[in-house]
Amino acid sequence: MGAKKSMRARVAELRELIRLHDRKYYVDHLPEITDGEYDALMAELAGLEREHPELVTSDSPTRRVGGAPTEGFRTVEHAVPMLSLDNTYSPEELLAFDARVKKRLPDELVEYVVEPKLDGISISLRYVDGRLDVAVTRGDGTRGDDVTANIRTIRAIPTKLSGRRGVSEVEVRGEVFMPRSGFERLNRRRESDDAAPFVNPRNAAAGSLKLRDPGEVARRPLEAFFYQIVGGGASRVATHLEAIELMRAMGFPVSPDITLAAHIEAAVERCQEWDDRRRDLDYEVDGMVVKVNSLEQQERLGSTTKSPRWGIAYKFPAEAVRTVVRDIEVQVGRTGKLTPVAVLEPVFVSGSTVSRATLHNQDEVERLDVRVGDTVAIEKGGEVIPKVIEVVKSKRLGRPRRFRMPETCPVCREPVVRPDGEVDTRCRNESCPGRSMGRIHHFASRGAMDIRGLGYALVRQLVDGGLVRDFGDLYRIEVDDLAALPRMGERSAENLLAELEKSKKRPLAKLIHGLGIRHVGARVAQVLAESFPDIGGLSAASEEDLAAIEEIGPAIAASIRSFLASPRNAEVLRKLDSAGVNMRGRSARQRKTALTGLTVVLTGSLVRVTRHEAAAAIAEAGGRVSSSVSSKTDLVVVGGDPGSKHRKALALGIKIIDETELEELLGI
């Protein structure tokens with residue numbers, strides 16, 4: 001009996017030692033033992049647990065190697081929604097954020113906390129009686145995936161809390177990420193195993209959390225920082241900084257770079273300082289987060305349906321890097337537009353490897369004077385789309401040949417034209433496979449039918465393989481046909497078919513946008529969806545009927561009428577209808593709001609939503625969005641840097657409100 005008691009005591013001692021050294025390494029950043037000494041402790045514990053399986057517990061450090069593969073991820077609803085922060089891109093926008101805060105908290109002192117914004121995967125962890133109970137991804141903010149088995153394998157995250165008293169349940173939120181050094185090690189290992197390397201640390205972290213095998217997750221170099229306590233646990237602290245210290249005391253790793261700013265000007269200064277310092281970190285940071293420090297003030301400020309009013313993200317300016325232009329190719333789009341594309345020596349910029357960048361048109365190529373072999377500076381516009389911003393002329397060797405737009409289409413070899421007064425060169429062959437690929441790719445894009453996984457490379461395979469001629473054929477594809485494509489496989493094929501099935505339920509406006517009618521973007525598509533009950537009604541409208549709709553006009557009306565009168569396009573619509581794609585608008589009665597019946601004009605840049613999103617919300621609330629100010633305008637919403645519409649509204653005496661007041665009218 002004494003030997004058994006001694007064995008149990010040694011197991012408990014080893015577990016506490018390992019947890020202590022995990023904390024020293026991941027939380028305090030002050031390791032006290034070598035990796036070899038740590039491994040020896042772990043090996044001893046694992047050996048004792050093998051000999052005495054009755055002593056094994058679910059929160060033992062040895063369980064971090066992962067259990068049996070999971071069948072799937074169940075969906076869990078968040079007790080408190082996981083909102084996303086609004087973005088700002090300039091000091092002026094941070095000052096505007098402060099003005100909105102002060103408007104809701106008049107005559108109050110407001111302190112801010114500034115912390116790095118990790119480019120990782122948001123996670124919410126719930127602990128019951130000090131032990132990890134469930135770990136859930138952000139998902140759509142309301143519900144996410146249960147990834148508890150995978151989270152248990154991450155050594156930076158405690159499975160048992162330390163130093164907690166008096167709280168039976170606590171929920172914390174943070175970010176799982178992969179350090180740059182770990183990412184490089186992982187990719188070297190994958191390359192030696194003949195596996196494709198990951199594109200960037202964030203994608204590697206996201207992919208790791210969604211693996212079905214926790215044992216493989218345990219091999220991935222994942223870490224985490226935590227930044228928020230939600231629910232009852234937050235009642236023990238008064239400020240955000242106190243919450244950070246409480247989480248640190250519980251054993252959670254937190255960022256060592258969180259600072260207090262007594263006022264917004266100090267917060268702005270911290271953000272600007274970090275734009276240079278971020279490159280010295282071992283993890284990806286794409287901006288800074290500015291939060292009101294007082295939790296009581298946070299509570300009173302509240303949130304919109306999408307974002308908290310007490311915090312905001314300051315995104316760093318786009319990062320510019322240099323690389324070499326290997327070639328300039330010409331790509332044919334859905335409208336027949338020929339776009340020159342720079343084929344680049346692959347280079348890592350703003351979180352991903354870039355090998356291509358659009359040059360837009362012949363005039364832009366000439367303005368930049370970019371030639372094959374040139375060294376160029378590129379950046380990602382809005383941190384998303386790569387673009388060439390300048391040629392480094394001092395690096396140019398010899399006299400490289402200038403680019404000239406071809407006289408025939410590079411896909412169908414038909415003659416191309418550049419109409420007088422236009423910058424774009426176009427292929428007019430309606431049957432051009434290049435145009436078909438462009439139309440299908442646009443149809444599947446996020447702003448249209450949002451068919452995940454249907455990128456341009458796969459579209460090319462589908463068209464070249466004869467599986468589709470237009471986007472109406474997408475819904476006729478069989479799983480075996482997809483699985484037979486190079487680098488596809490049965491699981492990927494099934495996933496794509498599931499995405500196609502989901503896309504059938506998209507709103508009418510998304511479908512109209514996806515049709516690719518020239519001059520019909522997301523906003524015009526929304527107007528058309530609100531003006532007609534279904535695609536049939538739109539197809540029956542005359543050019544005069546269309547032109548009479550505000551925001552449409554003669555040119556757009558002629559383009560819509562020409563598209564819908566085409567027998568080829570009518571056949572594609574029949575395919576979509578027979579496949580069960582939604583062709584009707586919403587029939588639900590509109591709710592009555594303070595905006596019902598009002599004509600509203602938007603001007604200037606909005607912070608928390610895009611202009612399109614604001615217009616859609618106003619329309620849903622019964623308002624009518626106009627593109628111009630007149631005596632019939634009831635309300636003008638003014639954002640940052642407004643133009644002539646603002647001045648005209650002032651001259652006409654029309655009521656003017658800002659974005660916050662618009663949210664109040666919308667009830668969000």
Side-chain angles (χ1 to χ4, degrees), residues 331-337 339 409 411-412 426-483 485 488 492-522 524-526 528-529 532 534-536 538-539 559-585:
Q331 186 171 296
V332 182
R334 60 187 172 90
T335 62
K337 176 186 172 183
T339 301
C409 173
V411 179
C412 69
R426 298 182 183 277
C427 170
R428 287 187 168 177
N429 178 10
E430 286 287 341
S431 302
C432 174
R435 297 186 67 171
S436 297
M437 286 186 278
R439 283 191 287 261
I440 295 167
H441 186 247
H442 170 76
F443 181 82
S445 66
R446 182 175 296 182
M449 298 297 275
D450 194 17
I451 305 172
R452 307 286 174 89
L454 190 54
Y456 198 86
L458 180 54
V459 170
R460 180 183 290 276
Q461 285 184 287
L462 294 174
V463 173
D464 290 347
L467 293 176
V468 300
R469 291 178 303 162
D470 53 58
F471 44 75
D473 293 332
L474 290 171
Y475 299 94
R476 300 179 178 183
I477 301 173
E478 301 286 342
V479 67
D480 291 342
D481 294 330
L482 279 173
L485 294 173
M488 195 64 181
S492 296
E494 290 172 349
N495 289 341
L496 179 58
L497 290 182
E499 287 293 327
L500 284 164
E501 193 63 31
K502 281 163 53 179
S503 74
K504 293 179 181 180
K505 299 180 177 63
R506 302 281 185 250
L508 178 61
K510 296 286 189 181
L511 173 61
I512 294 173
H513 184 205
L515 295 178
I517 305 171
R518 194 176 180 197
H519 304 313
V520 176
V524 172
Q526 184 68 44
L528 293 172
F532 298 96
D534 50 33
I535 285 290
L538 176 61
S539 298
S559 178
I560 297 168
R561 190 65 252 143
S562 174
F563 181 93
L564 294 172
S566 162
R568 184 192 302 273
N569 294 331
E571 174 60 24
V572 174
L573 289 172
R574 280 193 290 272
K575 290 179 186 178
L576 295 175
D577 193 22
S578 64
V581 174
N582 174 47
M583 313 283 276
R584 299 186 60 81

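Along the sequence shown, the residues carry numbers beginning at 1. This one's a predicted model, so the numbers in the text were calculated from it and none came from an experiment. For the numbers below, each heavy atom of this structure counts, side chains included, while hydrogens, waters and symmetry mates do not.
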Asker: Are the side chains of L458 and M488 in contact, using a 4.5 Å heavy-atom criterion?
Answerer: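 M488 reaches L458 side chain to side chain.
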Asker: Nearest 0.5 Å, what's the CZ-OG1 distance between R439 and T335?
Answerer: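 Rounded to the nearest 0.5 Å, the CZ-OG1 separation comes out at 9.0 Å.
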Asker: State the NE2-CD1 distance between H519 and I560, to the nearest 0.5 angstrom.
Answerer: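 Here the rounded value is 10.0 Å.
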Asker: Are the side chains of R435 and R334 in touch, meaning some heavy atoms are under 4.5 Å apart?
Answerer: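 Of all side-chain heavy-atom pairs linking R334 with R435, none is under 4.5 Å.
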Asker: If I take atom CG from residue L511 and atom NZ from residue K505, how far apart are they, to the nearest 0.5 angstrom?
Answerer: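 If I round to the nearest 0.5 Å, the distance is 14.5 Å.
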Asker: When rounded to the nearest 0.5 angstrom, what is the spacing between SG in C412 and CD in E430?
Answerer: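 Answer for the SG-CD pair, C412 versus E430, is 11.0 Å.
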Asker: Any side-chain heavy-atom pair from L482 and L462 closer than 4.5 angstrom?
Answerer: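 Answer yes - side chains close enough.
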Asker: So how far is it from H442 NE2 to M449 CE, rounded to the nearest 0.5 Å?
Answerer: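 H442 atom NE2 to M449 atom CE measures 11.0 Å (nearest 0.5 Å).
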Asker: If you take all heavy atoms of K504 and A579, which pair is closest and at what distance?
Answerer: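 Scanning both residues, the minimum pair turns out to be NZ-O, 3.0 Å.
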Asker: Of all heavy-atom pairs between A525 and H513, which one has the smallest distance, and what is that distance?
Answerer: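 Between these two residues, the closest heavy atoms are CB-N, 3.6 Å.
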Asker: Pair up each side-chain donor or acceptor in residues 474-481 with any protein partner under 3.5 Å, not counting sequence neighbours, and list the distances.
Answerer:
residue: Y475; atom: OH; partner: S503; partner atom: OG; Å: 2.8

Asker: I want to check something: taking the side chain as every heavy atom from C-beta on, are L573 and L515 in contact at a cut-off of under 4.5 Å?
Answerer: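 Counting from C-beta outward, L573 and L515 do come under 4.5 Å.
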Asker: Does the side chain of L496 come within less than 4.5 Å of I451's, by heavy atoms?
Answerer: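 They are in side-chain contact.
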Asker: Should the pair R574-E571 be classified as a salt bridge under the 4.0 Å nitrogen-to-oxygen rule?
Answerer: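 A salt bridge links R574 with E571.
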Asker: Take K575 and D470 through the test salt bridge (charged side-chain N to carboxylate O under 4.0 Å, His left out) and record every step on the way to the result.
Answerer: CA-CA 10 Å; K575 290 179 186 178; D470 53 58; 3.0 Å; yes
Asker: Looking at every heavy atom in both C432 and V332, which two are closest together, and how far apart are they?
Answerer: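 In terms of heavy atoms, the two residues are closest at SG-CG1, 4.4 Å.
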Asker: Answer with yes or no whether the side chains of S436 and R469 bring together a donor and an acceptor at under 3.5 Å.
Answerer: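 Result is no, nothing qualifies.
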Asker: Evaluate K510 against L508 for side-chain contact (heavy atoms from CB on, under 4.5 Å), listing each step before the verdict.
Answerer: CA-CA 5 Å; K510 296 286 189 181; L508 178 61; over 6 Å; no
Asker: Taking it one step at a time, do L485 and L467 satisfy side-chain contact (heavy atoms from CB on, under 4.5 Å)?
Answerer: CA-CA 10 Å; L485 294 173; L467 293 176; 4.2 Å; yes
Asker: Do you know which two heavy atoms are closest between L564 and S539, and how far apart they sit?
Answerer: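 Shortest heavy-atom separation between L564 and S539 comes out as CD1-CA, 3.8 Å.
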Asker: Would you check if D473 and V572 make a side-chain contact, meaning some heavy-atom pair closer than 4.5 Å?
Answerer: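 No, side chains not in contact.
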Asker: Below 4.5 Å, heavy atoms only, C-beta onward: do N582 and R506 meet side chain to side chain?
Answerer: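 The answer is no, as the side chains (C-beta and beyond) never meet within the 4.5 Å cut-off.
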Asker: Run R518 and S562 through side-chain hydrogen bond (donor to acceptor under 3.5 Å, both in side chains) and show every step you take.
Answerer: CA-CA 10 Å; R518 194 176 180 197; S562 174; over 6 Å; no
Asker: Evaluate the side-chain proximity of I440 to V468: yes if any heavy-atom separation is below 4.5 Å, no if none is.
Answerer: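 The answer is yes, as the side chains (C-beta and beyond) meet within the 4.5 Å cut-off.
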